[in-house]
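Written below as structure tokens is the structure these notes are about.
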Protein chains: 2
Amino acid sequence: MPATSRPTSKDVAHEAGVSQSTVSLVLGGKWSGRISPATAASVREAAERLGYRPNQAARNLRLGTTRTVLLMVPTLTAPFFGPVHTGAVRVAARHGFGVVAYVWPDDAAGPAGSPFAAPREAIDGILASSMEVEALAEFRGTPAVMLDSDPSGPVPTVGFGVAEGMRSIAAHLVGLGHRRIGHVAAAVDQWTFRARAEALAAVTARAGGTLTRAACAIEVGAARDAAARLLAGPDRPTALVCDDDLIAAGAYKAARALGLDVPSDLSVTGFDDVLLATALEPELTTVRLPAEELGARGMEALLELLDGGRPARRVLRGRLIVRGSTAPPPRAEGRVEREAGV
Amino acid sequence: MPATSRPTSKDVAHEAGVSQSTVSLVLGGKWSGRISPATAASVREAAERLGYRPNQAARNLRLGTTRTVLLMVPTLTAPFFGPVHTGAVRVAARHGFGVVAYVWPDDAAGPAGSPFAAPREAIDGILASSMEVEALAEFRGTPAVMLDSDPSGPVPTVGFGVAEGMRSIAAHLVGLGHRRIGHVAAAVDQWTFRARAEALAAVTARAGGTLTRAACAIEVGAARDAAARLLAGPDRPTALVCDDDLIAAGAYKAARALGLDVPSDLSVTGFDDVLLATALEPELTTVRLPAEELGARGMEALLELLDGGRPARRVLRGRLIVRGSTAPPPRAEGRVEREAGV
DNA sequence: CGGGTGAAGTCATACGTAGTACTCGACGCA
DNA sequence: TGCGTCGAGTACTACGTATGACTTCACCCG
């Protein structure tokens, strides 16, 4: 129970000497031609004087809306989703919406029955990041927008051009002369990773290269082991393409354990360009995904949807950021110049 | 507007052939001795059949409560606060509370007037992480708990033993033989950093060592520059104590730029033990702060407060994690053994 | 002078729930 | 038989807002 009981519209009405209806009309902005400017001004002044704030619960009940959106993310511990949340909150707040973040629990296949029981009663819409559409099953009927997910599904999406991003990485490596490429893939069955894998395979094949692959959890230790497996094989890759910056950090460790220098012995690339990418040594060549903008655009799309509109699909482009972790392969026969853009 | 209008308690009443009051009493659990078990069962069954969920807005209005808590964090982009959020959400959900995260905007001194306008109307309480008590000024009257903040203030706190953590780091370095210590400090005027600085100074002084200090934003580039300043001085420190793992990453960069090896030429320590700590090479000696538990305990305290209780102060202990970034100083005269605990 | 018109407000109600005050009938006891 | 009591359930209201239906009054025009 809130300590001080706040003034209501009735109090404001009394203070201004009008009826509660008038207060509601004035403060709701619906008074053109119904309330005289003078009265409106005095109501506003009274509200100001009393520090009146409308009671949200009452509005929600009356309007049948909650002005609250659920943001579903797999985790907030990994570095990628914080900015997504921030972007979403920023846009939502501008429209008077709150954001409740729902974090996928580690130990459950879905939200049902978990200690995270999503507050499904009190939300108007859902913004679901990096998950499959099945995750929304129990919310059927609630307007939703998915982020970085399969755009061919039944739910509107806002995504990254991940395939394009991966192609730019692959082209960069091929351009440096790499032909034996290892893919340290995230062992997560999501559209975004499937798309990356396909794009990498396509470019590698077109360049006449060979591609080997090992999958791992998105976690440094697991990534190190997966990378080590690839590097231990017969035709050792000269470049490791990682699905994620975190995975790249694991690849660095594997390389170091084998005495391989990055980038002169082994090129490594990441994906996302999270904070980690510049903390590593050498700094990581990666694709920058504008995570905060993803959250912002996604929220915009959702708000359009809640407004009854049909949001246009948005695709945000990733951008290749070339740093110090890529170089021509040892004894390279390919071209050597470094490209700075996509 | 939600697509399908959901069943209300009135619908359930009709379905079960009783009155709405009865439904409310049964589902509210307040029916002992008022409603017969048989009727109660049939109400429950009807509710189940219709998939009834109480309307939150109506409950909130009726009960004068929102079952929503505001979590204020400086950022969700930095790696530390994601887990705090997760822990808070986990506990809140267990008690039927939702959590709205409010992220301090970059460009404003406080929440007022920012695009992040906090939904101050619709919350029962506040959990504020790592900020000064003044930040709560405009929420005066709302129950609040502060995390990792000055415990001598007027607001209940749940915190870390940061001083103790810093002492364990300092003792570790002193034990290895270090006497010239540099402190790469966060240029943030918060209790938690002031406490760290004091603890470090105390231990260093007691050991007869010298302490130099440079402050920087919590950001890799700025940290690198600050560390470089310390390392360029006359009596170069043999160890850099960083206020934060992120800052330690910057220290690594400064060392590498000077051709100094970590740890044989220079020991480096961090604070927090975020994911980054094990991604770095060598892995970082740091103090592990249980961030998720901080969020969880903080939320517990807040819920106690909302219940009318007076939450006991909780202090979570940090733990020294010795990894590969610390070693005896070059030409060490000190003891050499490595300690594994606090 | 009567009726129409438009401006300026007010009345009354509904949203869905929780819970207090009430009703109703059956039963026990004197 | 009459009264108190208890068990089982219902009627009704309040929470604070938004808004469609209504009132009131001044003014204008024929």
Side-chain angles (χ1 to χ4, degrees), chain A residues 1-2 4-44 46-47 50-67 96 119-124, chain B residues 1-2 4-44 46-47 50-67 96 119-124:
Chain A
M1 52 216 76
T4 31
S5 89
R6 290 204 323 238
T8 71
S9 58
K10 213 171 289 181
D11 299 325
V12 175
H14 188 259
E15 171 86 5
V18 298
S19 75
Q20 182 267 328
S21 314
T22 305
V23 172
S24 182
L25 287 172
V26 169
L27 267 36
K30 311 263 171 66
W31 55 283
S32 46
R34 299 198 40 167
I35 309 293
S36 76
T39 307
S42 86
V43 167
R44 287 232 188 65
L50 266 51
Y52 169 71
R53 302 278 146 184
N55 178 313
Q56 281 299 330
R59 300 192 87 234
N60 292 347
L61 176 58
R62 178 67 229 252
L63 299 174
T65 203
T66 61
R67 306 231 110 198
R120 67 187 119 152
E121 327 318 341
I123 57 168
D124 285 349
Chain B
M1 53 216 77
T4 29
S5 89
R6 290 205 322 240
T8 72
S9 58
K10 214 171 291 180
D11 297 327
V12 175
H14 188 259
E15 172 84 6
V18 298
S19 74
Q20 181 265 329
S21 313
T22 304
V23 173
S24 182
L25 287 172
V26 170
L27 267 34
K30 311 264 171 66
W31 55 282
S32 46
R34 300 200 40 165
I35 308 291
S36 75
T39 307
S42 87
V43 166
R44 287 233 188 66
L50 266 51
Y52 169 73
R53 301 279 146 183
N55 178 312
Q56 280 300 328
R59 300 192 88 236
N60 293 348
L61 176 58
R62 178 67 230 253
L63 299 174
T65 203
T66 61
R67 306 232 111 199
R120 68 187 118 151
E121 326 318 340
I123 58 168
D124 285 349

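Worth saying up front: this structure is predicted, and the values here are computed from it rather than measured. Heavy-atom basis, side chains included; hydrogens, waters and symmetry copies ignored.
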Pair listing, salt bridge (Lys or Arg N to Asp or Glu O under 4.0 Å) test, anchored in residues 26-42 of chain A, at least two apart:
none

Residues in side chain to side chain contact (heavy atoms under 4.5 Å, CB included) contact with A:T8, at least two apart in sequence or another chain
A:K10, A:D11

Those residues at least two apart in sequence (or on a different chain) that pass side chain to side chain donor-acceptor pair (under 3.5 Å) with B:S42 are none

Can you list every pair that meets salt bridge (Lys or Arg N to Asp or Glu O under 4.0 Å) and has a residue in residues 16-26 of chain B, with sequence neighbours left out?
none

Can you give one letter per nucleotide of nucleotides 7-17 of chain C, 5' to 3': B if a protein heavy atom sits under 4.0 Å from the base, S if only from the sugar-phosphate, - if neither?
-BBBBB-BBBB

For B:A47, which residues count as a side chain to side chain contact (heavy atoms under 4.5 Å, CB included) partner, sequence neighbours excluded?
B:V12, B:L27, B:Y52

